[in-house]
Amino acid sequence: MLYPQEQLYQEMTFLSYYLHWSHREVMALDHLERRRWCREVSAVNQKLSGSEQKSFEFR
């Protein structure tokens, strides 16, 4: 089973935007590690903004 392309692009865009990582760096991460980074960056964004709303949600 392949990883959903739409979700892959969302995660890649999110990490590239917030961490300024290249396509190669983001694609070098395995699925679980990429998702973990997305969660961690979202947690930082939530804390800094004081918002209860998630910055990145997995569908």
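Reckoned from all heavy atoms, side chains included, excluding hydrogens, waters and symmetry mates.
Between the CG atom of Asp30 and the OH atom of Tyr3 there is a distance of 10.5 Å, given to the nearest 0.5 Å. Here the straight-line distance linking atom CZ of Arg39 with atom CD of Glu11 works out to 9.5 Å at 0.5 Å rounding. Met12 contributes atom CE, which lies 10.5 Å from atom CG of Leu29 (distance to the nearest 0.5 angstrom).
Between Tyr18 and Asn45 there is a side-chain heavy-atom pair separated by less than 4.5 Å. Between His31 and Arg36, the closest side-chain pair of non-hydrogen atoms is not below 4.5 Å.
Atom CD of Glu33 sits in a crowded spot, with more than 12 heavy atoms from other residues, nucleotides or ligands closer than 6.0 Å.
Residues that satisfy the salt bridge (Lys or Arg N to Asp or Glu O under 4.0 Å) test with Glu25, not counting sequence neighbours, are absent from this structure.
Residue Tyr17 is grouped with residue Met27 when hydrophobic side chains (ILVMFWY) are merged at heavy-atom distances under 4.5 angstrom, including chains of intermediate members.
Pairing each heavy atom of Arg34 with each of Leu15, the nearest pair is CG-CD1, 3.6 Å. When all heavy atoms of Ser16 and Trp21 are compared, the closest pair comes out as OG-O, 3.3 Å.
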